[in-house]
Amino acid sequence: MPNEAMQVKAISAHPGPVPGGNVSRDYDVCKLIDTTTCIGCKACEVACLEWNGYEFRETTFDNTYQTMPDTAWNYWNLIRFNEVESEEHGLQWLMRKDQCMHCAEPGCLEACPADGAIVQYKNGIVDFNQENCIGCQYCVTGCPFNIPKFNPETKKVFKCTLCSDRVGAGLEPACIKACPTGCLHFGSKEDMKDLAERRVAQLHKETSYNKAGVYDPEGVGGTHVIYVLHDAENPEKYGGLPKNPRIPLMVSFWKHPLKWLGNVGLVFGIAGVLLHYVRFGPKVIDKKEEKKP
Amino acid sequence: MSTPTILREGTILPEGQVVRYTFEERACHWVNGVTYLFCMLTGLAFYSPYLYWMSYVGGSPATARTLHPWVGVFFFVAMLWMHTLWKVQMASIPEDQQWKDNMKYYIENRDELLPPAGRFNAGQKLFYWVMYYAAIILLLTGVVMWFPELMPRNLHWLLTIIIPIHAAAALVTIGAFIIHIYMGILMVPGGLKGIAYGRVSEEWAAHHHRLWYEKIKKDSR
Ligand code: HEM
Ligand code: SF4
């Protein structure tokens with residue numbers, strides 16, 4: 001990603017001002033997942049495990065292609081296979097790569113009480129710092145996508161990092177690198193949005209998917225992982241992708257108005273007793289008067 | 001004359017002193033106090049980023065998270081212990097109403113205008129019941145918050161309600177606790193000695209808890 005350091009400052013033998021000087025591109029990153037070209041090969045799952053150093057997990061069989069029911073603390077990336085029937089398209093086999101959405105307004109970060117356990121980088125990546133995690137799992141409650149997963153042994157929570165370590169070194173995330181069909185793309189949010197919209201236009205024009213659209217939910221301020229869906233009106237079909245995800249209302253309420261009410265109450269309580277001490281002071285007992293009964 | 005260390009409540013000692021709290025009552029009070037304080041400090045740390053440093057009473061924030069619920073359970077058990085000791089004496093008596101009606105004299109230190117109180121005055125009773133019921137709410141909500149991993153995902157929204165209830169119950173007790181500490185240490189001289197050594201002067205007893213003092217005076221005759 002070009003950033004300000006790589007802006008052109010001067011050009012040799014160039015007449016007039018430097019073209020594009022002082023213009024800097026957004027450096028926020030985005031992963032685009034085109035569900036219409038995913039073949040469910042799981043190369044991204046394997047690449048994720050390889051890069052992050054986890055072993056493949058035991059699989060389960062439930063009469064479908066689904067290898068395991070959910071992501072796990074050591075399995076951050078899972079293809080969800082969904083068999084969906086509709087009149088328009090008959091039987092469809094919808095596959096969706098499920099992982100952290102890297103929300104612009106992350107519910108996990110909002111809910112977290114531990115200093116420094118969750119950070120959001122300027123490029124949009126939301127990352128967990130396990131050394132600061134206290135294991136309270138408030139993030140699980142705050143996330144509308146059911147992403148953070150708890151390791152009961154270490155009492156720490158884990159999730160997809162969008163390969164912040166690779167991205168920081170100028171590489172694309174491991175899953176992107178492994179994808180054989182080109183259904184995964186990585187770049188600036190602007191470019192990925194543009195690419196996604198062009199793909200949607202193509203689907204509208206050349207296929208019968210007239211409900212195709214981009215999934216970049218506004219309720220969480222947009223996400224840094226976006227989908228192209230054949231049917232953007234019913235994202236639930238893709239294995240529980242919420243239609244209008246938002247930070248749970250009670251989490252926002254408890255983290256803001258309730259906290260401030262409590263804080264004001266505490267300050268008034270302490271100020272109140274101090275004021276009482278200054279105004280009335282301690283009780284004194286008149287020794288002679290008492291002790292008569 | 002040496003006095004035995006464990007004495008019954010209400011015993012009148014030489015040198016004008018009265019036994020206000022037995023050893024068991026004092027021990028129970030301090031177990032309550034220490035466990036409560038630990039929960040309060042570690043809880044407040046998770047409540048506000050500005051108070052996060054308080055979690056270091058548990059060693060580190062992560063150990064504070066591990067210990068808070070355990071100490072909370074101890075606090076609840078201590079509260080039950082206290083309940084067996086004091087539930088009868090904390091029950092409301094008819095005289096309490098008059099005391100409550102005239103509480104402003106107590107606040108303004110015009111105690112001569114205040115109706116006499118029993119072993120515990122109506123304010124102390126109120127504090128007790130606030131702590132008792134809050135302890136039950138804190139335990140019930142706290143146990144759910146202890147193991148969110150056992151909560152099925154479709155019920156997870158319950159936590160978004162339970163956590164604020166836990167925090168709100170804690171805040172109510174903290175408000176009461178601030179007043180309790182202020183009164184014990186600064187506002188009512190002699191009170192702290194009473195709960196520390198179990199003894200108060202006869203003047204203190206007569207001044208603050210006249211009905212109680214009259215009763216023990218009568219019993220000792
Ligand atoms: C009675 C048994 C109790 C249990 C089982 C319990 C358990 C919990 C748990 C599991 C949490 C989540 C974060 C953490 O683990 O630290 C919590 C938070 C908290 N606890 Fe307790 N607790 C108890 C008693 C208390 C008491 C006596 C206080 C006294 C002030 C208290 C105040 C708090 C506060 C302020 C929070 C933070 C809430 C927030 O995040 O806004 N708790 N408790
Ligand atoms: S998807 Fe969940 S874990 Fe990922 S950034 Fe959003 S709220 Fe946090």
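Quantities reported herein were computed from a predicted structural model and do not represent experimental measurements. The sequence lines fix the lettering, A, B, ..., with proteins before strands; numbering per chain opens at 1.
- For a residue to count as touching a neighbouring chain, one of its non-hydrogen atoms must lie under 4.5 Å from one of that chain's; by this rule B:Trp204 touches chain A with backbone and side chain alike.
- Only the side chain of B:Asp111 has a heavy atom closer than 4.5 Å to any heavy atom of chain A.
- Residues A:Pro248 and B:Thr160 approach most closely at CB-CG2, 4.1 Å, considering heavy atoms.
- With rounding to the nearest 0.5 angstrom, the CG atom of A:Leu274 is 8.0 Å from the OH atom of B:Tyr182.
- Closest of all the heavy-atom pairs between B:Pro164 and A:Leu258 is CB-CD2, 3.6 Å.
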request  = Go through the steps for B:Arg65 and A:Lys155 under the test side-chain contact (heavy atoms from CB on, under 4.5 Å), then give the verdict.
outcome  = CA-CA 10 Å; B:Arg65 163 58 172 88; A:Lys155 305 234 180 289; over 6 Å; no
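- Heavy atoms from other residues, nucleotides or ligands lying under 6.0 Å from CH2 of B:Trp129 number more than 12.
- Proximity to chain A is absent for every atom of B:Pro49, based on heavy atoms less than 4.5 angstrom apart.
- The shortest non-hydrogen separation linking B:Asn109 to A:Gly281 is ND2-O, 2.8 Å.
- Among all heavy-atom pairs drawn from A:Val140 and B:Arg153, the shortest one is O-NH1, 2.9 Å.
- Taking every heavy atom of both residues into account, A:Val284 and B:His207 meet most closely at O-CE1, 4.2 Å.
- Contact detail for A:Lys259 and B:Ser48: the closest heavy-atom pair is NZ-N, 4.5 Å.
- With a 4.5 Å cut-off on non-hydrogen atoms, A:Cys112 does not touch chain B at all.
- There is no contact between B:Leu158 and chain A, counting heavy-atom distances below 4.5 Å.
- For chain B, the nearby parts of A:Tyr277 are the backbone and the side chain; heavy atoms of each come within less than 4.5 Å.
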